[in-house]
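To start, the structure itself, in structure tokens.
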Amino acid sequence: KAENADGGASQFGFTMATANSKRITTFVNISRRALRNTAWLSTYISNRLMALFVKELNREAIAATGSGTDLNGLVNQANTFAGTDFAGAIENANYMDVINCAMGEMAATYFINPNSILMNPVDHTILTSTKNTIADFINPATFLSSGNMGYTSMFGLRPIKSADIAKGTYLVAAIDAAYMQLLFNGPIEIIATDSHDTNFIKNLVTLKLEADVMLPIYNANALLKGTFATDLTTITKL
């Protein structure tokens with residue numbers, strides 16, 4: 001700029017959103033005889049009941065739509081891959097190219113570099129089992145990193161396998177406390193009762209585990225979702 005001229009100014013927009021806490025609940029039924037086995041009951045509560053709670057928490061945090069008492073999950077809040085600047089630009093594209101382009105769109109459009117990809121275990125298995133050349137049988141292709149537990153990254157993304165992601169879809173995300181957090185509004189509570197909601201299973205005691213949970217998303221642009229087959233059509237040169 002010339003001397004004494006005004007320099008350009010950057011405009012930043014801020015949006016405040018409300019993240020209401022939701023009550024996440026899990027039930028298990030056990031016999032009264034089991035209640036007398038203190039050691040077994042302690043192990044059962046700390047393992048089985050908590051496992052069911054985590055399963056429900058995963059479902060809500062990933063796939064829930066925010067309706068009723070559900071959380072507003074990551075998939076529901078994510079932007080949809082549009083193939084911006086990639087439409088018709090890649091010949092012989094495959095699903096790996098879809099993931100790569102989704103990463104590129106997030107970086108180019110929202111200036112965020114993702115660090116994780118959530119996908120169905122079936123899709124993950126198919127993608128990491130694809131062998132294009134003889135070399136792939138000996139040394140995995142450069143977009144995959146392998147370890148003693150199998151493939152540990154895809155294009156540098158941490159693969160997160162979850163059945164809560166529908167088959168054929170994916171969620172590319174920058175999972176970071178600056179963009180999103182899973183918060184508990186108070187302690188987890190475990191309640192026992194000898195009443196059953198239908199009064200049918202009279203010999204069982206119901207254990208209930210519940211907690212108030214919030215999932216505030218500070219930057220929805222850190223989430224980008226898509227459908228492999230649809231997006232493949234977008235980026236493949238016909």
Side-chain angles (χ1 to χ4, degrees), residues 15-30 44-81 99 102 106 110 112 114-125 154 157-193 195-198 204-228 230-231:
T15 301
M16 179 179 289
T18 300
N20 296 319
S21 63
K22 303 293 183 180
R23 203 73 175 160
I24 307 298
T25 304
T26 299
F27 295 92
V28 295
N29 299 117
I30 61 175
Y44 188 82
I45 291 175
S46 61
N47 289 282
R48 178 62 177 165
L49 189 57
M50 186 57 69
L52 291 173
F53 178 76
V54 170
K55 180 180 178 181
E56 176 62 18
L57 185 61
N58 283 342
R59 182 195 71 79
E60 294 214 16
I62 294 173
T65 61
S67 61
T69 60
D70 280 354
L71 291 173
N72 196 4
L74 300 181
V75 173
N76 194 54
Q77 300 191 59
N79 298 291
T80 301
F81 175 69
I99 296 173
M106 181 181 285
Y110 305 120
I112 295 176
N115 55 28
S116 304
I117 178 168
L118 287 77
M119 65 176 69
N120 188 278
V122 173
D123 293 318
H124 178 271
T125 301
M154 250 178 224
L157 299 178
R158 178 177 66 249
I160 301 173
K161 293 177 283 186
S162 172
D164 295 309
I165 297 287
K167 291 180 184 178
T169 66
Y170 62 89
L171 176 68
V172 171
I175 297 179
D176 187 275
Y179 300 136
M180 64 198 74
Q181 284 184 291
L182 186 64
L183 305 173
F184 285 83
N185 186 28
I188 293 178
E189 301 172 357
I190 299 178
I191 304 170
T193 175
S195 299
H196 192 269
D197 54 358
T198 63
L204 297 182
V205 172
T206 300
L207 291 180
K208 177 182 180 182
L209 185 152
E210 64 179 14
D212 275 334
V213 180
M214 294 179 289
L215 180 62
I217 304 295
Y218 309 124
N219 192 336
N221 296 328
L223 301 165
L224 193 67
K225 64 184 176 182
T227 304
F228 282 117
T230 302
D231 297 342

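These values consider heavy atoms only, across backbone and side chains, with no hydrogens, waters or symmetry-generated copies. Along the sequence shown, the residues carry numbers beginning at 1.
Side-chain atoms of N72 never come within 3.5 Å of backbone atoms of L215 as a donor-acceptor pair (strictly under, hydrogens ignored). With hydrogens and angles disregarded, no donor-acceptor distance shorter than 3.5 Å links the side chain of N115 to the backbone of R158.
With rounding to the nearest 0.5 angstrom, the CD atom of Q181 is 9.0 Å from the CG atom of D176. Put simply, CG on L223 and OG1 on T80 are 11.0 Å apart, with the number rounded to the nearest 0.5 Å. Residue F184 holds its CZ atom at 10.0 Å from CG of D212, rounded to the nearest 0.5 Å. Atom NE2 of H124 and atom CD1 of I160 lie 10.5 Å apart (nearest 0.5 Å). Rounded to the nearest 0.5 Å, atoms CD1 (I165) and NZ (K225) are 10.0 Å apart. Taking CZ of F53 as the reference point, atom NZ of K208 lies at 12.0 Å (rounded to 0.5 Å).
In this structure, R48 places its CZ atom where only 12 or fewer heavy-atom neighbours from other residues, nucleotides or ligands lie under 6.0 Å away.
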Notebook entry, point to check: When you look at F228 and I99, which way does the side-chain contact (heavy atoms from CB on, under 4.5 Å) test go after all the steps?
Noted result: CA-CA 8 Å; F228 282 117; I99 296 173; 3.8 Å; yes
Next item on the list: Using the side-chain contact (heavy atoms from CB on, under 4.5 Å) rule, take L74 and I217 through it: C-alpha gap first, then chi angles, then the decisive distance, then the call.
Entry: CA-CA 8 Å; L74 300 181; I217 304 295; 3.7 Å; yes
Checklist line | Step-by-step side-chain contact (heavy atoms from CB on, under 4.5 Å) determination, Y110 to N219 | finding: CA-CA 10 Å; Y110 305 120; N219 192 336; over 6 Å; no
Checklist line | Test side-chain contact (heavy atoms from CB on, under 4.5 Å) applied to L57 and L182, step by step | finding: CA-CA 10 Å; L57 185 61; L182 186 64; 3.9 Å; yes
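The side-chain heavy atoms of N120 and T169, taken from C-beta on, include no pair separated by under 4.5 Å. The shortest distance between side-chain heavy atoms of D164 and E60 does not fall below 4.5 Å. At least one side-chain heavy atom of K167 sits less than 4.5 Å from a side-chain heavy atom of D123. Residues V213 and K22 have side chains not in contact (no heavy-atom distance under 4.5 Å, counting atoms from C-beta outward).
With 3.5 Å as the limit, one finds a donor-acceptor pair spanning the side chains of Y170 and D231.
Across all their heavy atoms, N76 and A64 have their closest contact at CB-O, 3.6 Å. Nearest approach of R59 to D70, heavy atoms of both residues: NH2-OD1, 3.3 Å. The minimum heavy-atom distance between S162 and I62, with the atom names listed, is OG-CD1, 3.5 Å. Heavy-atom minimum distance, I112 versus M106: O-CG, 3.2 Å. Residues S116 and L157 share a closest heavy-atom pair of N-CD2, 3.7 Å. For the pair I188 and A211, the tightest heavy-atom approach, listed with the atom from each and the gap, is CG1-CB, 3.8 Å.
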